[in-house]
Amino acid sequence: MDSSVDRIAQPWGARTPYGRHDPWPARVDTYLEEGVAPDEVQRWVQTASILHSDGDAMDVAVVDGRMAGVRGRAEDRVNHGRLGPKDLFAWQANASPDRLTRPLVRREGRLVECDWDTAMSRIVARSRELLDERGPGSIGFYTSGQLFLEEYYTLAVSARAGIGTNHLDGNTRLCTSTAAEALKETFGCDGQPGCYDDIDHADVIALFGHNIAETQPVQWMRVLDRLAGGDPPRLMCVDPRPTRAARRAAVHLAPRLGTNVALLNALLHEIIRTDRVDHDFIAAHTVGFEELAARVEKCTPAWAAEICDVPAARIGEAAELLGTADRLLSTVLQGVYQSHQATAAAVQINNLHLVRGMLGRPGAGVLQMNGQPTAQNTRECGANGDLPGFRNWQNDSHVADLARVWNVDPKTIPHYAPPTHAMQMFRYAEQGSIRMLWISGTNPAVSLPELSRIRSILGQDRLFVVVQDLFLTETAQLADVVLPAATWGEKTGTFTNADRTVHLSDKAVPPPGEAKPDLDIFLDYAARMDFRDKDGGPLVTWHDPESAFEAWKRCSAGRPCDYTGLTYGKLRAGSGIQWPCNEQAPDGTERLYTDGISWAHPDVCESYGKDLMTGAAQEVVEYRSLNPDGKAVLKAADYLPPHELPDERYPFQLTTGRTLYHFHTRTKTARAPQLNAAAPDVWVEASVADAAALGLGEGDVVEVSTPRGALRGRLRITDIRPGLLFVPFHYGYWDTGAGHAPGGGTPGRAANETTVTDWDPASKQPLFKTVAAALRLVERGDGTGAPAPTTTASAPAAASGAGAVPATTGGRSALVTQSADPTWDSPGRRAGERHHPHPAGSPPR
């Protein structure tokens, strides 16, 4: 039956219940712009979501050469037709009138329009000058998690073999580098062991620092449908905020920030103490169990309770749930990844699965999740801290094999040290060794920690900054050259989601003005630089997306992320396909490690591992002595306290994170009226107890300060754990009239004004979750309340007195057609009843 559902007020839509081991029913979500009837759509063009890592498959409606809406693809394995709010509405940003349409260059301190030849000539001239004067180490590239595979691969070849620089990383360093590192530490190689279909079969789903309802909303729909069906799974949630998953969990643990390793060691302690371990699996497929058992022997729930500030009995309940699961699925995200012991904690979650033998079977798997739509491609293609094809930079035979693929001398490919991570690249730029930084598809002037420092680095006269983007972002405003890029829907390419599903995104409409696909820009640069292979031929031999994909296939052949069985034609057949896809697995591979830990052998592994405490890389001799036959490594870690703890001056802990309605720095989602109206400005969350102690009320303007800086926003009082503050990180300055920084020397609204320049030693992922902060009143509220959604983890606490008003839709209808059988939307509420995103008295902005 069809129903029109307000997908801002009811972001997860209507329920289609199903039982354990049954297929997930289809539900096709469709949104067409006002005035467009379904029969007026002239073409539907296939793509998938570019605003989170779900990989939701969809089709774009084209009317008279413009985008006019989207619909989900019912036959796709990832979403079975469903779309989240960002999928449904954010496509409107493509037609925003402030898109960049011509290149810009800085002249006399101002950015002015020019033609492509002028812009590219300036970039090439500076590149050649630096190569001659300072060598390849003076040039760095910082890319995204939102480009296409073909673009990352072209960039990686040009940077690593063309320029010869080791300085190439992505903003995936901020969201998913710990996922990659944890998988390498445990399994010897990147690549998710599990898949989304495991939700259909699990009887226990454990969410570790993963606000799935807001970061992967379609997979939360899948969980909700299981909860509404027969034999529902039990949820275990570790999160200090009252997320939607936490509210549905059988066990919810809300630990003090920075204590994940202590909590996980206690869970392992209990599972081992009660002998809920799979001894046969451990003997056949792992090394290191004895050391792990010894290291957690004294990590009792009582010990962890003191550190984590959660009841010991609740830790015992969680261990009981995990230890008695028939099929356990665990998912992990930023609550684990953006902390000081990120890799150590993520590895302990892998250990839980290995100790219990929960791997390689339907419903028994782990998903070290990604935060961005093409983060997996960044890692596969070598556009981050790895070599392409998951090759090991310490293994000379791997480097030689890559050199063979590229037809270059192995010495051309820098492998004297690990590829430079993003935080180090900005340090090099600060110190002056990097003199040119090319930034594509990301906005570090809002997304990196300690923004005053980042602005000062990007603003240096000696640093030549190239920015390639859709809009004049805060970062672009600091650039020397700005290149207008095409985006999703305006170009063709492939991208791979968090469970290894590859989708093809076809071009639906032309880009605006003179904007170009990122692939075309990188190809133009390679041609102008005249990069050559060892025989004097062109280094980059492809010319369009499909030929670039075929070149990538040759690079991936025989590696874990083998794409050789995929073609554009095959990917146009309807559903995404999971890698590895090759002659042995022509239809793709649902789960890895169904027959052992195949990529952990010393000769083929992507990494020999690191010391989880120091990040020091192990040598092959150490790895071979530990793991000569190639098994999963049960790597133990001791708990260490956070680097920055609360004190008298800064008595709170501050954490940052996402909200359902926005993506990253809002360059796209803020230009979609429905999404922007749902969360129009920054807010600060505090607990009922803390607000009462400070005499603060809902909607008061407050200031959050740390040793680095401060921000201001209106207060939302929630059921967050006491002592903790939360601020969404999406909000910068491009839409405030203040340009790229706070105006007039006053505190800003960007969360990263406050965060610290520090990172996990193993994954090099920066810390956004463990900062000491102070909170003070600036002025009393004016009755408008906080501009925070009430549909999400930001819902007001009942004790705060905040009510709800009808959802604003920014002057556009937010009604979405859902072809489904609507039943329960969420506990105690039927589909069609409203739960609105704004507090009492909060008008649309």
Side-chain angles (χ1 to χ4, degrees), residues 46-48 55 147-162 189-192 373-384 386-392 397-408 413 491-497 499-507 517-520 522-523 526 531 533 537-590 592 598-599 604 606:
Q46 81 166 56
T47 183
L147 307 188
F148 289 165
L149 176 154
E150 296 81 357
E151 294 161 343
Y152 293 131
Y153 184 56
T154 304
L155 175 60
V157 175
S158 297
R160 300 203 187 281
C189 185
D190 197 350
Q192 302 292 345
T374 61
Q376 196 66 49
N377 299 124
T378 318
R379 286 144 55 179
E380 296 160 6
C381 295
N384 69 339
D386 298 288
L387 293 183
F390 295 158
R391 290 172 172 86
N392 189 337
S397 68
H398 285 204
V399 177
D401 183 57
L402 183 60
R404 174 192 59 79
V405 173
W406 290 347
N407 195 33
V408 298
I413 303 169
K491 60 183 183 178
T492 295
T494 55
F495 49 100
T496 306
N497 77 342
D499 83 337
R500 297 173 285 105
T501 301
V502 185
H503 285 106
L504 177 67
S505 179
D506 272 321
K507 179 178 177 178
D518 299 272
L519 178 62
D520 290 359
F522 293 145
L523 289 173
F531 295 140
D533 66 16
L539 175 66
V540 177
T541 58
W542 46 95
H543 61 279
D544 66 2
E546 190 162 8
S547 58
F549 185 77
E550 292 299 315
W552 161 248
K553 284 165 58 178
R554 293 189 290 274
C555 184
S556 76
R559 297 303 301 160
C561 49
D562 194 329
Y563 279 63
T564 52
L566 294 173
T567 64
Y568 271 27
K570 195 169 185 175
L571 290 169
R572 286 193 175 104
S575 179
I577 301 171
Q578 291 171 279
W579 65 250
C581 180
N582 50 26
E583 192 174 333
Q584 292 74 38
D587 298 320
T589 305
E590 275 191 304
L592 304 183
S598 49
W599 289 100
V604 297
E606 183 183 1

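Values below: every heavy atom of this structure, side chains too, minus hydrogens, waters and symmetry copies. What you see is a predicted model; the values in this text were computed from it and never measured.
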Decide yes or no for Pro388 and Leu402: does some side-chain heavy atom of the first lie under 4.5 Å from some side-chain heavy atom of the second? yes

Distance, nearest 0.5 Å, that separates CD of Glu550 from OH of Tyr563: 13.0 Å

Donor-acceptor contact present, side-chain Arg572 to main-chain Gln46, <3.5 Å: no

Ser158 side-chain N/O to Leu155 backbone N/O, donor-acceptor pair under 3.5 Å: no

Rounded at 0.5 Å granularity, tell me how far CD in Glu150 sits from CZ in Phe522. 12.5 Å

Within the structure provided, determine whether Lys507 and Pro545 are in side-chain contact (heavy-atom separation under 4.5 Å). no

Nearest 0.5 Å please: distance from the OG1 atom of Thr374 over to the CD atom of Glu380. 9.5 Å

Non-hydrogen atoms of Asp562 and Asn582 that approach each other most closely: OD2-ND2, 3.4 Å

Please walk me through it: do Glu606 and Cys561 pass side chain to side chain contact (heavy atoms under 4.5 Å, CB included)? CA-CA 11 Å; Glu606 183 183 1; Cys561 49; over 6 Å; no

Give me the atom names and distance for the closest heavy-atom approach of Thr492 to Tyr568. CG2-CE2, 3.9 Å

Give me the atom names and distance for the closest heavy-atom approach of Cys189 to Phe390. SG-CD1, 3.8 Å

Hey, is the main chain of Gln376 close enough, under 3.5 Å, to the side chain of Arg379 for a donor-acceptor pair? no

For Ala161 against Trp406, the heavy-atom pair lying closest together: CB-CE3, 3.6 Å

What pair of heavy atoms forms the shortest contact from Ser547 to Trp542, and how long is it? OG-CB, 3.4 Å

Ser598 side, atom OG; Leu592 side, atom CG - distance, nearest 0.5 Å: 7.5 Å

Would you mind telling me which of Thr494, Val502, Asn497, Thr496 makes a side chain to side chain contact (heavy atoms under 4.5 Å, CB included) with Asn377? Thr496

Quick one, Arg404 with Asp401, criterion side chain to side chain contact (heavy atoms under 4.5 Å, CB included). Give me CA distance, side-chain angles, the key distance, then yes/no. CA-CA 5 Å; Arg404 174 192 59 79; Asp401 183 57; 2.7 Å; yes

Point-to-point distance, once rounded to the nearest 0.5 Å, from OG1 of Thr501 to CD of Gln578: 4.0 Å

Taking all atoms of both residues into account, what is the closest heavy-atom pair of Gly588 and Ile577, and its distance? CA-CG2, 3.9 Å

Side-chain (Arg160) to main-chain (Ile413) donor-acceptor, under 3.5 angstrom: no

Among Asp506, Asp518, Leu519, the one residue meeting side chain to side chain contact (heavy atoms under 4.5 Å, CB included) with Lys491: Asp518

So, Arg391 side chain and Val399 main chain: donor-acceptor pair closer than 3.5 Å or not? no

Check the orientation of His503 and Phe495. Use parallel for under 30°, tilted for 30 to 60°, and perpendicular for over 60°. tilted

When rounded to the nearest 0.5 Å, the distance separating CG of Leu571 from CZ of Phe549 is 5.5 Å

Exceeds 12 heavy-atom contacts within 6.0 angstrom, atom CD of Glu583: no

